[in-house]
Amino acid sequence: MRRMTPLVLAVAAGAAALLGFAVGWVSAYLAERLQPAEDTAAIRGRGRLVRDPFVQAGLAIVWAAIPVVLNADPPTRWLEAGVLAVPLVQVTVTDFRTRYVYSVVAAAGLALGLAFGWHFHAAPSLGSAAPSLGSAAPWLGSIVGAAGGALAFGALYGIGRLIYRGGEPMARGDITIAAMVGAEAAACAAQALVLGVLLGGVLALIVWAVSRSRHAFMPYGPGLCLGGLVTLFTC
């Protein structure tokens, strides 16, 4: 596919932003069915066209960036990136706001990653080689990524339980999120998870600086999901 002219690219990005905003509305609407009424009522700026401004704005930005970053790639790859981004953005916003992980949402993202995360990352974009776990069975990338994410964070959870003598070092839902990110990133799972941990540390520093308290709680989920989002465009 040839690169688009600046005018066509601007139109494509604008259309993609509108679609992302609409998809964010659907995602937020479905998430409302899972969360307590008080959590839904606490969302500011809600209305008929805006169910969750952060989810919808986040997906509008991500979807607008897709035709820009994946300019020379076929539209099918744009669609894969857009769909994979939905649970990542939804989990980021929900976990950051409520400090709670809805396993159903993370499980849906895990299923999407297993379905075609491997295909997205195995398809080479212009000027890059396709990362793959093996040309004979590239679909193994998502399975290994999911298993690796779950095992890595499961081990961290177990070690944390020992260190804190039975206390909860992280939410068990973070293990599901790590599996989701690993499945979506497929052959790039290690990069996504390491980047997610680093971004989680940056977010924690920001939260601590704003709250001026070293005891402020920062969930792992948002950092992991941001690592997955960055990997969509860089790997």
Side-chain angles (χ1 to χ4, degrees), residues 16-17 19-31 34-35 51-70 77-121 141-142 145-146 148-150 152-153 171 173-200 202-203 218-235:
L19 285 173
F21 190 84
V23 171
W25 189 98
V26 175
S27 178
Y29 175 81
L30 294 175
L34 302 173
Q35 60 193 22
R51 307 299 299 190
D52 189 321
F54 289 103
V55 171
Q56 291 177 249
L59 281 172
I61 293 171
V62 172
W63 278 50
I66 288 171
V68 176
V69 178
L70 306 179
R77 196 157 186 264
W78 299 359
L79 182 60
E80 287 179 340
V83 173
L84 290 171
V86 174
L88 294 174
V89 172
Q90 182 66 60
V91 171
T92 297
V93 174
T94 302
D95 196 12
F96 194 86
R97 178 188 289 135
T98 67
R99 307 296 193 267
Y100 187 80
V101 177
Y102 294 105
S103 297
V104 174
V105 179
L110 173 60
L112 290 172
L114 292 173
F116 55 84
W118 61 271
H119 183 268
F120 174 80
H121 287 286
S142 285
F153 273 75
D174 290 325
I175 300 174
T176 308
I177 293 177
M180 174 188 73
V181 171
E184 291 202 6
C188 304
Q191 175 180 321
L193 292 169
V194 171
L195 182 60
V197 171
L198 294 176
L199 290 173
V202 172
L203 289 175
M218 177 64 207
Y220 289 91
L224 288 173
C225 290
L226 289 175
L229 284 170
V230 172
T231 304
L232 278 178
F233 296 110
T234 60
C235 183

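Starting from 1, each residue takes its place in the sequence as its number. What you see is a predicted model; the values in this text were computed from it and never measured.
Separating the CZ atom in F96 from the CG atom in L203 is a distance of 6.5 Å, to the nearest 0.5 Å. Taken to the nearest 0.5 Å, the CG atom of L79 stands 11.0 Å off from the CZ atom of F120. Of the inter-residue distances, the one linking H121 atom NE2 with L84 atom CG reads 6.5 Å to the nearest 0.5 angstrom. Here the CD1 atom belonging to I177 is positioned 8.0 Å from the OG1 atom belonging to T92, to the nearest 0.5 angstrom.
Closest of all the heavy-atom pairs between A186 and S142 is CB-OG, 3.7 Å. In this structure, A28 and D52 approach most closely via the heavy-atom pair CB-CB, 3.6 Å. In this structure, V55 and G24 approach most closely via the heavy-atom pair CG1-O, 3.8 Å. Of all heavy-atom pairs spanning L110 and A183, the tightest one is CD1-CB, 3.6 Å. The two atoms that bring L88 and G228 nearest to each other are CD1-C, 3.9 Å, heavy atoms only. M180 approaches C225 most closely through the heavy-atom pair CE-SG, 3.8 Å.
The side chain to side chain contact (heavy atoms under 4.5 Å, CB included) search around F21 returns V50, Q56, A60, not counting sequence neighbours. Residues forming a side-chain hydrogen bond (donor to acceptor under 3.5 Å, both in side chains) with T94 (at least two apart in sequence, or on another chain): Q90. V68 meets the side chain to side chain contact (heavy atoms under 4.5 Å, CB included) test with L9, A13; sequence neighbours excluded. Residues passing the ring-ring contact (aromatic ring centres under 6.0 Å, His included) test with F54: none are found, sequence neighbours excluded. Qualifying side chain to side chain contact (heavy atoms under 4.5 Å, CB included) partners for A16, counting only residues two or more places apart in sequence or in other chains: W63, P67. Every residue meeting the side chain to side chain contact (heavy atoms under 4.5 Å, CB included) condition with F233, not counting sequence neighbours, appears here in chain and number order: V62, A65, I66, V69. Residues that satisfy the salt bridge (Lys or Arg N to Asp or Glu O under 4.0 Å) test with D174, not counting sequence neighbours, are absent from this structure. With sequence neighbours left out, Y29 forms a ring-ring contact (aromatic ring centres under 6.0 Å, His included) with W25.
For S27 (side chain) and V23 (main-chain N/O), no donor-acceptor pair under 3.5 Å exists by modelled atom type.
Applying the side-chain hydrogen bond (donor to acceptor under 3.5 Å, both in side chains) test to residues at least two apart or on different chains, none of the pairs has a partner in residues 100-114.
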Between side-chain atoms of residues 187-199 and protein atoms elsewhere (two or more places apart, or another chain), which donor-acceptor pairs fall under 3.5 Å?
{"unit_1": "Q191", "atom_1": "NE2", "unit_2": "T234", "atom_2": "OG1", "d": "3.3"}

